[in-house]
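Comments concern the structure below.
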Amino acid sequence: MTAPLVQSRFRVTGMDCASCAAKIEGTTLRIAGVAEAEVSVAAGTLVIRHAADADLAPLAGRLSPMGYALAPLASGGGQRKAHDHGESCAGHDHAGHDHAAHDHSDHDHSGHDHAEVGGHDHGAAPAAEGRWWSTGKARLTLLSGLALVAAFGVGTFVPAAQSWLYLAAMLVGLVPIARRAVAAAANGMPFTIEMLMTIAAAGAVIIGAAEEAAAVVFLFLVGELLEGVAAGRARASIRALTALVPKTALVERNGATLEVPAGSLKVGEVILVRPGDRISADGLIVAGESGIDESPVTGESVPVRKGPEATVFAGTVNGEAALRVRVTATAEDNTIARVVKLVEEAQEKRAPTERLIDRFSRYYTPGVVVVAALVAVIPPLLFGGAWDAWIYKGLAILLIGCPCALVISTPAAIAAGLSAGARRGLLLKGGAVLETAGKITTVCFDKTGTLTAGKPQVTDVIGFAQPQAEVLRLAAALETGSSHPLAKAILDQVAADVIAIPPAEAAQALGGEGVSALVEGREVFLGSPPAAAARAPLTVVQADQIAALNDAGKTVSLLVADGAIAGAIAMRDEPRPDAAEGLAALKREGIRTVMLTGDNRRTAEAIGRQLGIEVRAELLPQDKLRIVGELQREGAVVAKVGDGINDAPALAAADIGIAMGGGTDVALETADAAALHGRVKDVASMIALSRRTMGNIHQNIAMSLGLKAVFLVTTIAGITGLWPAILADTGATVLVTLNALRLLRVRLE
């Protein structure tokens with residue numbers, strides 16, 4: 001029997017492009033006992049699945065000469081039992097995850113200032129991290145540029161020494177690059193951009209183009225620096241969420257209000273949130289009512305009115321009134337921290353397109369080397385071409401052929417798409433999920449808690465022998481203190497109508513019938529129509545009205561007072577305010593919508609008519625699973641939207657399972673994706689985000705391959721040389737990254 005694999009997660013510093021990721025992955029796979037390695041440039045992480053007795057200690061020593069350093073991400077040595085999912089190394093390891101900032105990518109590639117492996121990650125930025133202009137990489141680029149300027153200046157006055165001066169200027173930048181190239185080759189990866197760069201620069205010197213070699217090395221370093229800055233911006237986009245949570249909180253302890261670090265708050269403590277303050281923890285409002293500006297987290301521009309028992313999120317802004325809030329999650333586990341954690345883990349999962357391009361690049365780079373060699377050798381050998389000219393063209397092709405822009409075209413867009421979604425409360429757990437979402441053709445919705453609010457509301461109050469307000473007043477007297485959903489619906493309505501509730505005496509629950517009591521000396525009963533009819537006769541008109549309410553899928557309770565039917569209260573779990581709008585948005589995109597519910601057919605069809613959705617009712621969990629399978633066999637790409645518990649089989653079977661919920665454990669961790677804010681229209685937004693991301697990826701691939709094709713032709717034709725070649729490579733990489741970053745500002749309906 002094969003021993004189970006364990007999973008280790010590391011933070012990687014010094015990484016800023018897909019070429020870096022390939023080198024780290026390749027080096028890791030050469031460690032004995034390592035089965036799989038997954039590197040995420042966007043998240044700055046390395047996930048390893050390995051045998052329990054594998055020695056990972058040598059890995060740091062092998063990566064250090066290439067300019068990378070490791071720090072364990074999980075507490076207790078970073079190892080956990082690996083999950084055996086299709087997305088292996090996908091990072092479902094939540095323990096000890098660092099919720100704080102990941103390292104910027106502009107770490108010194110030349111191998112300086114690396115942190116020691118074995119230190120624990122406490123979430124602080126590493127010492128080597130700083131503004132991009134203060135990094136080792138920036139210093140090396142500046143030094144190379146100054147050496148180039150000095151060579152030009154001195155060489156102008158001393159022409160005889162010009163070649164040697166340019167050679168010295170070139171070596172300033174090339175030595176660190178060559179050192180990384182040799183280290184990668186020693187780890188079984190000879191075809192790296194550093195190796196191509198080293199060969200091209202050395203070849204240029206040999207054929208007497210030392211000044212171009214020095215300029216190309218400098219431009220290469222500038223390109224690397226720009227890549228690092230762009231990649232750092234992409235990484236910082238999701239980390240910026242953590243800055244929304246205030247550092248301190250006002251907590252009530254021992255009868256006093258104290259200002260304490262927000263990170264020290266414990267579940268159950270009560271905090272005071274003043275008007276205009278950011279809320280420092282997830283919680284439930286204990287006292288007060290105010291408009292909450294949730295735009296920093298949800299993107300919603302209109303403040304949401306919230307009162308007692310309403311949920312609030314860390315990082316949102318209190319409006320005009322003071323609130324007392326009971327903390328429901330610690331700083332490490334609040335909604336923002338968990339969103340950041342899940343998005344970082346999602347960025348470790350590669351999309352199918354990304355995997356395809358990765359496989360392509362393994363053959364592409366050696367192919368470029370072969371083509372460059374043939375261009376350099378064949379024309380002089382067979383057609384009498386000048387050796388210098390064709391070697392020069394071959395060297396330029398080496399630089400043009402670097403796959404960086406192509407390989408980063410997908411992960412850069414995926415990372416930006418995932419971050420853009422997370423900032424709007426749309427969590428997609430990995431590139432594969434984000435890619436599949438755009439292909440959805442059918443969306444199956446649960447009813448209760450998904451299309452509807454999940455709790456009954458009073459829809460109709462009919463006065464027969466008593467006015468409507470009196471019917472509500474007497475009914476509320478009977479239901480005071482009850483936790484039954486129908487009772488709470490009546491009490492909520494009375495509170496909304498500001499009706500004073502009289503005291504009830506001798507109250508008693510009558511099993512299967514209702515509740516009775518004495519209210520102001522009158523005998524009052526509230527219960528089902530059959531039980532009420534047994535106490536007071538119904539007229540034909542009254543019976544018809546009750547039947548009409550039942551046909552609309554509403555639950556009817558009748559109030560009997562003084563031996564007569566005083567009135568009727570109808571309740572129903574009503575659709576969410578945005579349900580009709582969200583379903584209409586899906587239909588506009590040509591997506592079929594179906595309601596799958598275990599509720600009774602009459603209620604389901606009433607809601608279905610109101611929302612304009614196809615209805616399948618009275619279903620058991622296995623029925624929902626069967627219907628999802630039938631739709632898939634018909635060729636549909638199916639998304640199942642539910643609460644993450646009752647619909648677990650169907651959520652798992654669908655092409656994408658989407659959980660609806662306000663930041664609960666289930667909503668965040670069960671399905672493939674989650675709409676944190678429970679809005680039906682978020683499903684359409686998720687699909688729109690996927691389609692825009694895939695469009696961005698296609699643009700990136702076209703841009704990277706198109707630039708290479710143009711410069712390949714112009715180089716062979718003798719129009720362009722080494723300088724434009726390196727600009728074609730680094731320029732394409734920067735353009736692709738900047739294009740991907742546009743997704744961070746995308747507007748979703």
- Task: List in chain and number order the residues that pass side-chain hydrogen bond (donor to acceptor under 3.5 Å, both in side chains) with S528, two or more places apart in sequence or in another chain; answer none if no residue qualifies.
- Result: none

- Are any side-chain N or O atoms of D578 and backbone N or O atoms of V680, one a donor and one an acceptor, separated by less than 3.5 Å? yes

- Step-by-step side chain to side chain contact (heavy atoms under 4.5 Å, CB included) determination, L619 to I627: CA-CA 10 Å; L619 303 175; I627 291 169; 3.7 Å; yes

- Query: Which side chain to side chain donor-acceptor pair (under 3.5 Å) pairs, counting each pair once, include a residue from residues 546-559, with sequence neighbours left out?
  - Reply: D460-K554

- So, are E605 and R616 salt-bridged, with charged N and O less than 4.0 Å apart? no

- Query: Within a strict 4.5 Å, meaning less than it, do heavy atoms of the R278 and T316 side chains meet?
  - Reply: no

- Closest non-hydrogen atom pair between A684 and A585, with its separation: CB-CB, 3.8 Å

- Item | Residues which pass side-chain hydrogen bond (donor to acceptor under 3.5 Å, both in side chains) with Q493, listed by chain and number, not counting sequence neighbours | D497

- S690 (side chain) donor-acceptor with M686 (main chain) under 3.5 angstrom: no

- Message: So which atom in A420 and which in L689 form the shortest heavy-atom distance, rounded to 0.1 Å?
- Response: CB-CD1, 4.3 Å

- Message: Against I490, only a single residue in I569, T480, V461 fulfils side chain to side chain contact (heavy atoms under 4.5 Å, CB included); can you say which?
- Response: I569

- Compute whether any side-chain donor of one residue and acceptor of the other, for N318 and S290, lie under 3.5 angstrom apart. yes

- Can you list the residues that meet the side-chain hydrogen bond (donor to acceptor under 3.5 Å, both in side chains) rule with T459, with sequence neighbours excluded? none

- Note on the structure: Nearest heavy-atom approach of I565 to P537 is CG1-O, 3.8 Å

- Message: Looking at D446 and K624, is there a salt bridge between them, counting it only when a charged N and a carboxylate O are closer than 4.0 Å?
- Response: yes

- Task: Sorted by first residue and then second, give each side chain to side chain donor-acceptor pair (under 3.5 Å) pair with at least one member in residues 503-515; sequence neighbours left out.
- Result: E513-R535

- Show your working on side chain to side chain contact (heavy atoms under 4.5 Å, CB included) between L538 and L558 and close with a plain yes or no. CA-CA 10 Å; L538 290 170; L558 294 183; 3.8 Å; yes

- Item | Sequence neighbours excluded - salt bridge (charged side-chain N to carboxylate O under 4.0 Å, His left out) pairs with any residue from residues 556-567 | R522-D562

- Who passes side-chain hydrogen bond (donor to acceptor under 3.5 Å, both in side chains) against R324, sequence neighbours left out? E252

- Message: I'd like to know whether CD of E523 has more than 12 heavy-atom contacts from other residues, nucleotides or ligands below 6.0 angstrom.
- Response: no

Acceptor/donor pairs from residues 265-272 side chains to any protein atom, 3.5 angstrom cut, sequence neighbours excluded:
unit_1: E269; atom_1: OE1; unit_2: R253; atom_2: NH2; d: 3.1
unit_1: E269; atom_1: OE1; unit_2: K266; atom_2: N; d: 3.0
unit_1: E269; atom_1: OE2; unit_2: R253; atom_2: NE; d: 2.7
unit_1: E269; atom_1: OE2; unit_2: R253; atom_2: NH2; d: 3.2

- Task: Please check if the side chain of Q542 supplies one atom and the backbone of T539 the other of a donor-acceptor pair under 3.5 Å.
- Result: yes

- Message: Any side-chain to backbone donor/acceptor pair from K306 onto T311? Under 3.5 Å, distance only.
- Response: yes

- Note on the structure: Correct closest heavy-atom pair for T441 and A636 would be OG1-CA, 3.4 Å

- Hey, mind stepping through V286 and V325 against side chain to side chain contact (heavy atoms under 4.5 Å, CB included) and telling me if it holds? CA-CA 5 Å; V286 175; V325 176; 6.0 Å; no

- Query: Among pairs that include at least one residue of residues 564-573, which meet side chain to side chain donor-acceptor pair (under 3.5 Å), considering only residues two or more places apart or in two chains?
  - Reply: T452-D573, R572-E574, R572-Q610

Which atom pairs, one a donor and one an acceptor, fall under 3.5 Å between side chains of residues 588-598 and the rest of the protein, sequence neighbours left out?
unit_1: E589; atom_1: OE1; unit_2: R691; atom_2: NH1; d: 3.1
unit_1: R592; atom_1: NE; unit_2: E614; atom_2: OE1; d: 3.2
unit_1: R592; atom_1: NH2; unit_2: E614; atom_2: OE1; d: 3.3
unit_1: R592; atom_1: NH2; unit_2: E614; atom_2: OE2; d: 3.0
unit_1: T597; atom_1: OG1; unit_2: D599; atom_2: N; d: 3.0

- Query: Do V317 and I292 have side-chain heavy atoms sitting under 4.5 Å apart?
  - Reply: no

- Check R305 against G291 and note the closest heavy-atom contact, atom names and distance. NH1-N, 3.5 Å

- Query: If every non-hydrogen atom of A579 is compared with every non-hydrogen atom of L451, which pair is closest and at what distance?
  - Reply: CB-O, 3.6 Å

- Query: side-chain contact (heavy atoms from CB on, under 4.5 Å) with A517: which residues, sequence neighbours excluded?
  - Reply: L478, A504, A507

Name every donor-acceptor pair, under 3.5 Å, that has one atom in a side chain of residues 649-658 and the other anywhere in the protein, sequence neighbours excluded.
unit_1: D655; atom_1: OD2; unit_2: Q632; atom_2: NE2; d: 3.2
unit_1: D655; atom_1: OD2; unit_2: V638; atom_2: N; d: 2.7

- Heavy-atom distance under 4.5 Å between the side chains of M660 and F445, does that happen here? no

- Item | Donor-acceptor contact present, side-chain R576 to main-chain T450, <3.5 Å | yes

